[in-house]
Protein chains: 2
Amino acid sequence: MRRGCEEASDGCHGKFRGFGYRMTLARQSILDVLSRTSKHLSAEEIYHEVYKTHPTSGLATVYRTVELLVQIGLVNKFDFGDNRARYELEIGSEHKAHHHHLVCMNCRRVIDYTDFIEEEVELLSKTEKGLSKKYNFQIKKHIIQFYGLCDKCQ
Amino acid sequence: MRRGCEEASDGCHGKFRGFGYRMTLARQSILDVLSRTSKHLSAEEIYHEVYKTHPTSGLATVYRTVELLVQIGLVNKFDFGDNRARYELEIGSEHKAHHHHLVCMNCRRVIDYTDFIEEEVELLSKTEKGLSKKYNFQIKKHIIQFYGLCDKCQ
DNA sequence: TTAGTAGTGATAATCATTATCAATAAGGAG
DNA sequence: CTCCTTATTGATAATGATTATCACTACTAA
């Protein structure tokens with residue numbers, strides 16, 4: 001059974017309403033696209049995917065929606081160095097668990113890894129505590145990325 | 001005594017020549033700016049700084065040089081979510097030691113921290129080894145950033 | 001039904017970055 | 001030191017991702 005935001009009746013809809021936003025067809029289809037893929041899509045790629053089932057949606061709406069989703073915390077925005085923002089569902093989709101990224105500096109391929117995540121997150125949370133106190137900084141998210149060369153590009 | 005790339009006679013010059021590049025006044029003044037600051041400057045900010053001592057240098061040259069420096073590995077390029085790339089010297093300047101970043105999601109202020117770096121780097125290098133083997137991925141760099149709210153923005 | 005307002009599509013505007021190209025200057029050979 | 005080759009540069013046009021605008025549509029609550 002697929003999990004994600006396909007059925008707008010679940011958590012996503014509620015989250016939208018909670019923030020005073022409406023759940024619309026456009027937003028739903030964007031969430032669908034994001035929950036169906038395991039890739040890190042750019043706004044334009046999302047637009048093209050959405051087009052297949054909802055061809056009246058415009059690119060501007062994709063930008064607006066995706067930015068909204070980032071604000072709400074349902075979506076994460078990344079920069080992998082290819083001059084465009086890339087988006088992925090925070091969690092909850094069938095494809096995604098908490099992970100970090102390996103980015104190939106040559107072909108720009110991005111690999112999600114979950115190995116060592118436990119230890120990483122454990123250390124991070126310790127670090128977060130220390131930093132929060134020292135800098136009085138309230139930490140919400142972290143990003144860990146490794147840059148290098150993938151097997152094909154070495 | 002200042003250390004950095006101010007005197008083009010040192011390592012930077014050599015590194016340039018080694019890659020077949022020339023050390024020019026423009027490049028030198030850009031390195032000077034980067035080695036003198038503790039901030040994370042954008043290309044335009046670098047341009048304005050360079051202007052003070054070398055007003056004939058253009059913005060395009062800053063972009064070109066800074067990109068070159070990133071290729072050579074003398075400079076790191078970051079995205080802190082404010083829609084422009086930011087640059088800082090890898091190491092070797094008086095101001096910089098290996099550090100990670102705290103980024104305020106509200107005011108976009110960036111704090112460098114060196115606390116816990118030892119443990120972080122230690123874990124990272126362990127993780128790197130594992131990932132390298134599993135994905136046959138040759139890791140060159142890592143980025144760790146925490147996002148949240150700084151003291152003033154909470 | 002209706003008023004009020006959030007959301008949308010189309011498209012123009014913005015702005016960081018890149019490409020172009022003629023002019024200039026670095027560095028080696030003589 | 002001078003000349004030659006070619007990397008580098010400045011000015012500026014072009015590109016391309018993202019954002020703003022605006023008239024129109026569609027919810028929602030009363």
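Side-chain atoms are counted along with the backbone in the values below, which use heavy atoms only and exclude waters and symmetry mates. Residue numbering restarts at 1 for every chain, and letters A, B, ... go by the order of the sequence lines.
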Worksheet item: For A:H48, which residues count as a ring-ring contact (aromatic ring centres under 6.0 Å, His included) partner, sequence neighbours excluded?
Response: none
Fill in: Between P of D:dT18 and CG of A:N83, the distance in whole Å
9 Å
Discussion item. Base contacts versus sugar-phosphate-only contacts with protein, heavy atoms under 4.0 Å: please encode nucleotides 21-30 of chain C as B, S and - from 5' to 3'.
Written reply: -----BSS--
Discussion item. Among residues 41-49 of chain B, which ones have heavy-atom contacts with DNA chain D below 4.0 Å?
Written reply: none
Item to complete: Specify the angle, to 10°, made by the local axes at the two ends of the helix from C:dT1-D:dA30 to C:dG30-D:dC1 when five pairs are taken at each end.
Response: 40°
Practice prompt. Name the orientation class of the two ring planes belonging to A:H101 and A:H99 (parallel below 30°, tilted from 30 to 60°, perpendicular beyond 60°).
Written response: perpendicular
Worksheet entry | Atom-to-atom span, CG of B:L69 to C1' of D:dT8 - whole angstrom | 14 Å
Item to complete: Return the value, rounded to whole Å, for the distance between atom CG of B:D82 and atom C1' of C:dT17.
Response: 14 Å
Worksheet item: Taking the hydrophobic residues Ile, Leu, Val, Met, Phe, Trp and Tyr, and joining any pair whose side-chain heavy atoms are under 4.5 Å apart, which ones share a cluster with B:L123?
Response: A:L123
Discussion item. Less than 4.0 angstrom between a side-chain N/O of B:Y63 and OP1 or OP2 of C:dT18, yes or no?
Written reply: no
Item to complete: Answer with yes or no whether the side chains of B:Y147 and B:Q145 bring together a donor and an acceptor at under 3.5 Å.
Response: yes
Worksheet, complete the sentence: Taken to the nearest whole Å, CZ/A:F16 to C1'/D:dC27 is 15 Å
Worksheet item: Within the structure, does a side-chain N or O atom of A:S57 lie under 4.0 Å from either OP1 or OP2 of C:dT8?
Response: no
Discussion item. With no hydrogens and no angle check, just 3.5 Å: does a side-chain donor-acceptor pair link B:H40 and B:E88?
Written reply: yes
Discussion item. With a sphere of 6.0 Å drawn around NZ of A:K140, does it hold more than 12 non-hydrogen atoms of other residues, nucleotides or ligands?
Written reply: no
Practice prompt. Assign the ring pair B:H98 / B:H100 to parallel, tilted or perpendicular, where the plane angle (0 to 90°) is split at 30° and 60°.
Written response: perpendicular
Worksheet item: Would A:Y113 and A:E120 count as a side chain to side chain donor-acceptor pair (under 3.5 Å) if you check the C-alpha gap in whole Å, the side-chain angles of each, and the deciding distance to 0.1 Å?
Response: CA-CA 12 Å; A:Y113 71 90; A:E120 281 184 20; 3.0 Å; yes
Worksheet entry | Ionic contact status for A:E119 with B:K126, cut-off 4.0 Å | yes
Discussion item. Can you tell whether the side chains of B:R86 and B:D79 come within less than 4.0 Å, N to carboxylate O?
Written reply: no
Below 3.5 Å is the cut-off: list the nitrogen or oxygen pairs between protein and nucleotides 12-15 of chain C, distance only.
none

Item to complete: Check the pair A:E45 / A:Y47 against side chain to side chain donor-acceptor pair (under 3.5 Å), numbers first and verdict last.
Response: CA-CA 5 Å; A:E45 287 167 347; A:Y47 167 66; over 6 Å; no
Practice prompt. For B:L68 and C:dT17, give me the distance from atom CG to atom C1', rounded to whole Å.
Written response: 16 Å
Worksheet entry | Sidechain N-carboxylate O distance under 4.0 Å for B:E90, B:K141 | yes
Worksheet item: CG of A:L59 versus P of C:dA10: gap in Å, rounded?
Response: 11 Å
Worksheet item: Taking for each residue the nucleotide of DNA chain D with the nearest heavy atom, is it B:G20 or B:A60 whose nucleotide lies nearer the 5' end?
Response: B:G20
Worksheet item: Are any of the side-chain nitrogens in B:D32 or B:K52 under 4.0 Å away from the carboxylate oxygens of its partner?
Response: no
Worksheet item: Between B:Q71 (CD) and D:dT8 (P), how many Å, whole number?
Response: 13 Å
Fill in: Salt-bridge criterion met for A:R109 and A:D151 (N-O under 4.0 Å)
yes
Worksheet item: Within the structure, does a side-chain N or O atom of A:R27 lie under 4.0 Å from either OP1 or OP2 of C:dT8?
Response: yes
Worksheet item: Does OP1 or OP2 of C:dG7 have a side-chain N or O of A:T61 closer than 4.0 Å?
Response: no
